[in-house]
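Could you have a look at this structure, given as structure tokens, before my questions?
Here, residue 1 is the first one in the sequence, and each next residue gets the next number.
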Amino acid sequence: MPTDGGSDRIVALQEEVQQLKEAVASHAVVDQAIGMVVALGRISPDQGWAVLKEVSQHTNIKLRNVAELILVWGRTGVMPEEIRAALEEALDRAGPTQIPGSPPQL
């Protein structure tokens, strides 16, 4: 029976499926961290995404890893000082947003 690279194609597809699974898991972690940042900073989801990117860039830590550290902090209350400082600074720059329907802040 001639070989047409079928087994090579199967291996390539299995690798692609694994990469897609990892991407979905990574996306979920980042989305959850954005949700925590949004609640913490009272900011929009777009601002939450920008805050995560800023923290990642300022700490030179991959965004997914920053997101994981934020989720760990949510469970344990423990966050590396470098991440905490960068997160506070980024949230300060994003500024608290007005909650719809609430009176203006003075």
Review point. Does any pair with a residue in residues 45-59 pass salt bridge (Lys or Arg N to Asp or Glu O under 4.0 Å), and if so which ones, sequence neighbours excluded?
Key: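 The answer is Glu54-Arg93.
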
Point to revise | Any residue meeting side-chain contact (heavy atoms from CB on, under 4.5 Å) with His27, in chain and number order, not counting sequence neighbours | key: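 Testing His27 for side-chain contact (heavy atoms from CB on, under 4.5 Å), a comparison that skips the adjacent residues, returns Asp31.
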
Query - Stepwise side-chain contact (heavy atoms from CB on, under 4.5 Å) check, Leu87 with Val37 - result: CA-CA 9 Å; Leu87 181 59; Val37 170; 4.2 Å; yes

Q) How many angstroms lie between atom CD of Gln47 and atom CZ of Arg42, to the nearest 0.5 angstrom? A)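 Output value for this atom pair is 12.0 Å.
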
Would you name the heavy atoms of Leu71 and Met36 that are closest together and state the gap between them?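 Minimum heavy-atom separation between Leu71 and Met36: CD2-SD, 3.5 Å.
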
Q: Check side-chain contact (heavy atoms from CB on, under 4.5 Å) between Ala86 and all other residues, then give those that pass, not counting sequence neighbours.
A: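 Per chain and number, Ala86 pairs via side-chain contact (heavy atoms from CB on, under 4.5 Å) with Val55, Thr59.
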
Results of salt bridge (Lys or Arg N to Asp or Glu O under 4.0 Å) for Arg84 - residues two or more places apart only
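Testing Arg84 for salt bridge (Lys or Arg N to Asp or Glu O under 4.0 Å), a comparison that skips the adjacent residues, returns none.
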
Any side-chain heavy-atom pair of Ile70 and Leu40 under 4.5 Å: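 No. Closest side-chain heavy atoms not under 4.5 Å.
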
Fill in: Close side-chain approach of Val72 and Val78, heavy atoms under 4.5 Å
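Val72 does not reach Val78 side chain to side chain.
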
| message | With heavy-atom distances below 4.5 Å as the criterion, would you say the side chains of Leu63 and Trp49 are in contact? | response |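 They are in contact (side-chain heavy atoms under 4.5 Å apart), so the answer is yes.
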
Original post:
Which heavy atom in Gly48 sits nearest to a heavy atom in Val38, and how many Å separate them?
Top reply: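 Looking at all heavy atoms of both residues, the shortest contact is CA-CG2, 4.3 Å.
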
Show me the side-chain donor-acceptor pairs of residues 11-19 shorter than 3.5 Å, one per line, residues at least two apart or across chains.
{"unit_1": "Gln18", "atom_1": "NE2", "unit_2": "Glu22", "atom_2": "OE2", "d": "3.2"}

side-chain hydrogen bond (donor to acceptor under 3.5 Å, both in side chains) partners of Asn65, counting only residues at least two apart: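 In terms of side-chain hydrogen bond (donor to acceptor under 3.5 Å, both in side chains), with neighbours along the sequence ignored, Asn65 is linked to no residue.
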
#### Entry: Over all atoms of both residues, closest heavy-atom pair of Ala67 and Val30
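Of all heavy-atom pairs spanning Ala67 and Val30, the closest is CB-CA, 3.9 Å.
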
| field | Closest non-hydrogen atom pair between Val51 and Ala94, with its separation | value |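 Result for this residue pair: CG2-CB, 3.9 Å.
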
